[in-house]
Every structure is written in C-alpha cells, then in structure tokens.
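Quick caveat, the model's predicted, so the values are computed rather than measured.
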Amino acid sequence: MRLLVVEDDQTLCRQLKEALEDSGYVVDTAHDGEEGHFLGDTEPYDAVILDLGLPEMDGVTVLEKWRRNNRNFPVLILTARERWSDKVEGFDAGADDYVTKPFYTEEVLARIRALLRRAAGHATSELECGELRVDTRAARVTLSGEPVKLTSLEYRLLAYLMHHQGRVVSRTELVEHLYDQDFDRDSNTIEVFIGRLRRKLGKDAIETVRGLGYRLSMSQDAA
C-alpha cells in the first residue's frame, strides 16, 4: 500500500517513513503544504498522514482542497494542537482520524492499518481469502495453516490484492500503489512478481483477466 507523509519536521518525517517502510508500505514524503497538496492531488495514495502546522499552506486547507477535488483517501492528522476545537476543525475538513504529538509510532501504525482496513471494507487485521490468510499487523502469510515466505515486494503485491479481493486490479493500478513516485513506471516487474506468487500460492491463485488485470481467486482450489 502506498502512503504519503506530509510533515515539516524532517526528523519526525524520516522516522515515520522508516517505520512505515519497515512495516511494508511504500512511502512518499513532503515537508510543506503546497508540495503535500500537489502530491495528494496527483498521485493515487491509499492513505495520507498529514500534519496541521505546515509552512506554505496549513494542513486544514490542504485537506479541504483535497476533499473538494474528490480525493477520498483516508487521512490521519498529526498535530501538536490539543484544543478540542482544532480537532473538530480537522474532522470537519475531512479527516478520518487524529493523533496528538507526542505520540508512539506503534499507535500511528495501528491507526493506519485500521484506516486501510475500513477503506477496503475489512473489520480485522487478518485478511482471509479461501485458505489464504494475511496478518497485516505481523506481515505474516499462511496458506492452509502453513507459513508462506514472501519477499517485501511479493508481500506488498499480495496484500494489495487481498485488500481489494473480488475485483480486477489493473497492472497500472498495481504499479501506482506499490512503488514510490520516483519508480520507473514502464517496468514490467509486476508480471514477474505475479508469477512468483503463483508458484508459492498455486498456479490458479491469481487470475489474469485478459486486457484488464489480475484478480485474487483463492476461494477455489489454487493448488
């Protein structure tokens, strides 16, 4: 899943980026409101972590502009402001959740997992599709109760398909959500990793819908 962190404290931004990447996310960053607004308005993020006290353009304004432009990704607000009126302003602007600084990184990670689950219609941190289980909290995959060893990219690809199971996901969408903004978008590596996942999960685990993309099909016998 691809995230955007908009935070002007570069040390905190770097720490969040590292923690999120260690948890299997792809992360872009911005250090002021104008850059953050541009990225959020032009790139297809799965969720955004947004500071309110930003230079150039404050976080509430950024969020209001996104929502007016129908950018509907979940937004977790970070702020040092503790007044209840600031929280209300953030929620009214379109925020989905709120964390007050200082905070524990583990809490931010848990809230992001929850936002992503809710956005995809899932209630728990464990995603299921047939005999396949993906524990998004522990980044652990099992098939019929047996652990499946995946590389970080294989895991990100599978997790995205699991979050969106039941629909066809295009190659373009996978590229946009699995790689950061500097990645070569002409790469054919998606097909390579789809092939690797099929070898580990079963040749029929991921269906190719000709001309449209891929669909997870673990509800059937994928062996």
Side-chain donor-acceptor distances from residues 155-162 under 3.5 Å, at least two apart:
{"unit_1": "Y160", "atom_1": "OH", "unit_2": "E173", "atom_2": "OE2", "d": "2.5"}

With [X] via side chain to side chain contact (heavy atoms under 4.5 Å, CB included) - residues at least two apart:
X	result
F38	T42
S144	E131
V168	V209, L212, R215
T151	L153, E154, F193

Listed by chain and number, what are the salt bridge (charged side-chain N to carboxylate O under 4.0 Å, His left out) partners of [X], not counting sequence neighbours?
X	result
D46	none
R140	D135
D32	none
R137	none

Would you call the rings of Y45 and F73 parallel, tilted or perpendicular, taking 30° and 60° as the class edges?
perpendicular

Does the W66 side chain pair with the main chain of H37, one donor and one acceptor, at a distance under 3.5 Å?
yes

Output yes when a side-chain donor or acceptor of R133 lies under 3.5 Å from a complementary backbone atom of L127, and no otherwise.
no

Distance in Å, L174 CG paired with H164 NE2, rounded so as to fall on 0.5 Å steps:
9.0 Å

Value for NE2 (H177) from CD (E43), rounded to nearest 0.5 Å, stands at 9.5 Å

Residue pairs, two or more places apart or on separate chains, that pass salt bridge (charged side-chain N to carboxylate O under 4.0 Å, His left out) and touch residues 52-77:
R67-D96

Do any pairs count as a salt bridge (charged side-chain N to carboxylate O under 4.0 Å, His left out) and have a residue in residues 7-17, sequence neighbours left out, and if so which ones?
E7-K101, K17-E21

Any side-chain heavy-atom pair from V27 and L4 closer than 4.5 angstrom?
no

Is any side-chain heavy atom of I49 closer than 4.5 Å to a side-chain heavy atom of V6?
no

Could you list who else is in V192's hydrophobic cluster, with ILVMFWY side chains joined at under 4.5 Å, directly or through other members?
none

